[in-house]
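Everything on this sheet refers to the single structure shown next.
Heavy-atom basis, side chains included; hydrogens, waters and symmetry copies ignored. Just so we're clear, the structure is a prediction, and the values are computed from it rather than from any experiment.
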Amino acid sequence: MSGLEKIISQIEYESDDRCRSIIEEANKKAQSIIEEAEKNASEILLENEIKTAKKIESMEQIAQSSSEFAKSKILLTSKLEIIDEMLKKSLDEIKNLPDEEYFEIIKALIIGNSRSGEGALCLSEKDKKRLPKGFIEDINKELDGKKITLGETINIDGGFVLVYEDIDINCSFDAIASSKLDELRDALNTVLFD
């Protein structure tokens with residue numbers, strides 16, 4: 001082999017060796033980059049899994065809380081409906097008591113709510129028709145100087161209104177129940193659900 005061929009062969013050998021070395025180094029760098037990327041991807045994946053688990057846990061807590069709130073709201077609404085229905089039935093029973101028992105309640109309410117001076121007892125048309133004889137006179141005997149007279153009929157469903165010059169005292173059963181609604185609900189709630 002001639003000197004030139006030896007030099008060319010040597011250059012080719014060194015060139016091939018250098019290329020192999022560069023390729024090996026590039027492969028090592030590529031492998032290192034791949035390993036680093038895989039490591040970063042694993043860390044990101046783990047971080048995302050933790051975040052997702054926390055989000056799921058938070059959403060489950062929110063769902064549980066919402067479910068409990070909805071359940072409580074439904075339960076409260078149901079209780080109020082039951083209580084209101086019982087109040088309505090109780091008022092209906094009072095309004096439909098036999099005359100003697102009904103007017104004993106009316107009498108007690110008149111005595112408890114009468115004022116000084118003369119007041120007019122205003123009843124519904126139905127109650128005025130079933131008013132016992134001598135009812136006004138009997139009450140006036142118990143009023144100690146106070147006096148009531150029978151007033152005009154009014155549009156109420158049970159109970160009465162006492163009318164004085166400057167004051168109307170609404171003792172209709174619906175008004176009494178309405179003014180005591182919270183107390184009645186609390187009492188019935190205790191009796192029914194505790």
With a 3.5 Å cut-off and sequence neighbours excluded, list the donor-acceptor pairs that the side chains of residues 131-139 form with protein atoms.
none

If I take atom CZ from residue R115 and atom CD1 from residue I167, how far apart are they, to the nearest 0.5 angstrom? 5.0 Å
Distance (rounded to the nearest 0.5 Å) between E24 CD and Q31 CD: 13.5 Å
Value for CG (N40) from CG (L45), rounded to nearest 0.5 Å, stands at 12.5 Å
What donor-acceptor contacts under 3.5 angstrom involve side-chain atoms of residues 120-129, with partners at least two apart or in another chain?
residue: S124; atom: OG; partner: D127; partner atom: N; Å: 3.1
residue: D127; atom: OD1; partner: Y102; partner atom: OH; Å: 3.4
residue: D127; atom: OD1; partner: R130; partner atom: NE; Å: 3.3
residue: D127; atom: OD2; partner: Y102; partner atom: OH; Å: 2.3
residue: K128; atom: NZ; partner: G151; partner atom: O; Å: 2.7

Consider only side-chain heavy atoms of I, L, V, M, F, W and Y, link residues closer than 4.5 Å, and tell whether I110 and F103 are in one cluster. yes
What's the spacing between E118 CD and T149 OG1 if we round to 0.5 Å? 4.5 Å
To the nearest 0.5 Å, atom CG of L109 lies from atom SG of C171 at 5.5 Å
Which atoms form the tightest heavy-atom contact between E142 and I111, and what is the distance? OE1-CD1, 3.3 Å
Within the supplied structure, the quantity of interest is the number of heavy atoms (other residues, nucleotides, ligands) at a distance under 6.0 Å from N155 CG; does it exceed 12? no
Is F160 reachable from I169 through a run of hydrophobic residues whose side-chain heavy atoms are each under 4.5 Å from the next? yes
Spell out, yes or no, whether L162 and L143 are grouped together once hydrophobic residues are joined by side-chain heavy atoms under 4.5 Å, including indirect joins. yes
Only pairs at least two apart or in different chains count here, so list each salt bridge (Lys or Arg N to Asp or Glu O under 4.0 Å) that has a residue in residues 65-74. none
Quick one: does S32's side chain have a donor or acceptor within less than 3.5 Å of a partner on K28's backbone? no
Output the distance between atom CD (E60) and atom CD1 (I62), rounded to the nearest 0.5 Å. 11.0 Å
Where at least one partner belongs to residues 39-56, residue pairs that pass salt bridge (Lys or Arg N to Asp or Glu O under 4.0 Å), sequence neighbours excluded: E47-K51
Closer than 3.5 angstrom, by distance alone: can the side chain of S67 be matched with the main-chain N or O of A63 as a donor-acceptor pair? no
Are I176 and I106 grouped together when hydrophobic residues (ILVMFWY) are joined by side-chain heavy atoms under 4.5 angstrom apart? yes
Do T77 and I74 touch side chain to side chain, with heavy atoms closer than 4.5 Å? no
ring-ring contact (aromatic ring centres under 6.0 Å, His included) with Y164: which residues, sequence neighbours excluded? none
I need the full list of salt bridge (Lys or Arg N to Asp or Glu O under 4.0 Å) pairs touching residues 153-177, with sequence neighbours left out, sorted by first then second residue. K95-D157, K95-D174
Non-hydrogen side-chain atoms of I105 and E101 separated by less than 4.5 Å: no
